[in-house]
Number of protein chains: 2
Amino acid sequence: MRADARKNYDQLLDVAGVVLAEEGADASLRDIARRADVGLATLYRHFPTREALLEALLRTGFDDLTAQAGELEASRAPDEALVVWLREFVACAARYQGVVTLMVAAIEDPGSALHASCVAMRASGARLLARAQEAGTARRDLDGADLYALAGALAWLSDQSALADRTDHLFDVVAEAILVGSKRERAGTSSSTWPSR
Amino acid sequence: MRADARKNYDQLLDVAGVVLAEEGADASLRDIARRADVGLATLYRHFPTREALLEALLRTGFDDLTAQAGELEASRAPDEALVVWLREFVACAARYQGVVTLMVAAIEDPGSALHASCVAMRASGARLLARAQEAGTARRDLDGADLYALAGALAWLSDQSALADRTDHLFDVVAEAILVGSKRERAGTSSSTWPSR
DNA sequence: ACCTGAACACCGTTCAAGT
DNA sequence: ACCTGAACACCGTTCAAGT
């Protein structure tokens, strides 16, 4: 890559990170190009679609999440690992408001720049789910696609400012629903002691 | 209302119902006016905001849902009534793709044309939830706002074509999570026998 | 190789001018 | 009273023309 192209690329990515964090995943691409002092067509050259831009911004987060699934598998109890991963998924999607909708659409669109990452994330979640199921701590009538859908729904909740104050609590409710033999039978109280990180 | 105004109003509502059902809640208002053979400013005169148009289209459905809550309270067991209402909520929001996002935003925006309906719906759901809680068949650490958020999340799931095939199953999972003392302990199987209407 | 301005076909929203 | 075309300020996307 030529030096001037590299500079434009980096500048676009920097500015896009700020603008998308401010305005959400459907922010104006024109505005990003403007604020990066770059021609609009240059943005399109480097990132032919909105998904490509988001993919570049989220790639490291996605890779971390997939890698973390492997570490969790080695270091934590099956149910704990699953819940930590789920929490991390939601946090990852929360970086840019509205990105979760693109992420779920990408799963069935092989042409999307987000497709590969999303398929990999779903697979890594599915492995953690299967492990918990084998250990008898997750209900057996769910698969990776169900888990991905539930993760998406929780991320959507945290995107909605009118519902944001419920998301922590509802995360616990859904996490409990995925797991078996948990608090529900033992105590039935509302307080949650799921691993927070 | 003058006769020509009435005609325009009805025509707009007819066409809007078709277009929004086809293209979702963020369809082009210009397109609706065009297909209704009406000036764009006439649409704005009758429906000053997108929410106002949706409110006119959804009003009867919303009213039915609120009324139905009352009937369910009289005729059905508390847990059954709650689940039937929840299912109806999701079906109602599914009429126009993307409308659920406007519905949750409307709950904290008193200026929205959808505000009153949404507050009423949340309240009617809250009553059914409280009734089930008093009967001991719903978990006590949820309130009306939580139920509304869960209903919204389920409606969002059914909006996403990539996840649509999971929504029936995940509806059951979430419904089970709201209720207590259900299938989970008795059988632990995946088949569901919730009231379907 | 890479960049850019301008063009095209769309939006939502408003308003002066018509009947 | 009610309707309308046109205007304004925005989009996303593409492409010929520049260096």
Side-chain angles (χ1 to χ4, degrees), chain A residues 1-57 96-99 101-102 105-106 109 111-114, chain B residues 1-57 96-99 101-102 105-106 109 111-114:
Chain A
M1 180 140 56
R2 232 166 61 178
D4 55 344
R6 166 102 260 151
K7 209 195 74 184
N8 283 338
Y9 181 93
D10 292 341
Q11 209 148 15
L12 278 167
L13 219 48
D14 268 10
V15 172
V18 174
V19 175
L20 293 176
E22 277 171 9
E23 326 228 355
D26 55 352
S28 161
L29 298 180
R30 243 193 176 81
D31 192 36
I32 292 173
R34 235 168 356 226
R35 286 166 66 166
D37 272 315
V38 153
L40 178 52
T42 302
L43 185 151
Y44 273 92
R45 158 178 292 277
H46 287 298
F47 307 102
T49 66
R50 184 180 294 275
E51 277 86 1
L53 182 55
L54 280 161
E55 199 271 337
L57 285 168
Y96 305 111
Q97 203 184 50
V99 79
T101 303
L102 295 174
D109 174 15
S112 167
L114 294 168
Chain B
M1 178 139 57
R2 232 166 62 178
D4 54 344
R6 164 103 259 151
K7 210 195 73 183
N8 283 339
Y9 181 93
D10 292 340
Q11 210 147 15
L12 277 168
L13 220 47
D14 269 10
V15 172
V18 174
V19 175
L20 293 176
E22 278 172 7
E23 326 227 356
D26 54 353
S28 161
L29 298 180
R30 241 192 177 84
D31 191 38
I32 292 173
R34 234 167 358 223
R35 286 166 65 165
D37 271 316
V38 154
L40 179 52
T42 302
L43 184 151
Y44 274 92
R45 157 178 294 276
H46 288 297
F47 308 102
T49 65
R50 186 180 293 274
E51 277 86 0
L53 182 55
L54 280 161
E55 198 272 336
L57 285 168
Y96 306 111
Q97 203 185 50
V99 78
T101 302
L102 295 173
D109 173 17
S112 166
L114 294 167

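By convention in this document, chain letters (A, B, ...) are assigned in the order of the sequence lines, proteins followed by strands, and residues within each chain are numbered from 1. The structure displayed is predicted, hence computed values, not measured ones.
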Assign each of A/D37 and B/A27 the nucleotide of DNA chain C bearing its closest heavy atom; nearer the 5' end lies the nucleotide of A/D37

Scan A/A41 against the nucleic acid and name what it touches under 4.0 Å (heavy atoms): base, sugar-phosphate only, or nothing. base

First encountered from the 5' end of DNA chain D, between B/V38 and A/R2: B/V38

Do side-chain atoms of A/R50 reach the backbone of A/A25 as a donor and acceptor pair under 3.5 angstrom? yes

Under-4.0 Å side-chain N/O to phosphate OP1/OP2 contact, B/R34 with C/dC11: yes

When you check the phosphate oxygens OP1 and OP2 of D/dC3, does a side-chain N or O of B/N8 lie under 4.0 Å from one of them? yes

I want to check something: taking the side chain as every heavy atom from C-beta on, are A/T49 and A/Y44 in contact at a cut-off of under 4.5 Å? no

Please confirm whether the shortest side-chain N or O distance from A/R6 to OP1 or OP2 of C/dC3 is below 4.0 Å. no

I'd like to know if A/R50 reaches the base of D/dG12 with its side chain such that a donor and an acceptor end up less than 3.5 angstrom apart. no

Who does C/dT19 pair with, Watson-Crick or G-U, both distances under 3.5 Å? D/dA1

Name the nucleic acid region contacted by A/T42, choosing base, sugar-phosphate or nothing; use a 4.0 angstrom heavy-atom cut-off, strictly under. base

Taking atom CG of B/D37 and atom CZ of B/R34, what is their separation to the nearest 0.5 Å? 11.5 Å

Between A/R30 and B/H46, who's closer to the 5' end of DNA chain D by nearest nucleotide? B/H46

Applying a 3.5 Å limit to both distances, which nucleotide forms a Watson-Crick or G-U wobble pair with C/dA6? D/dT14

From CG (A/D26) to OH (A/Y96), nearest 0.5 Å: 14.0 Å

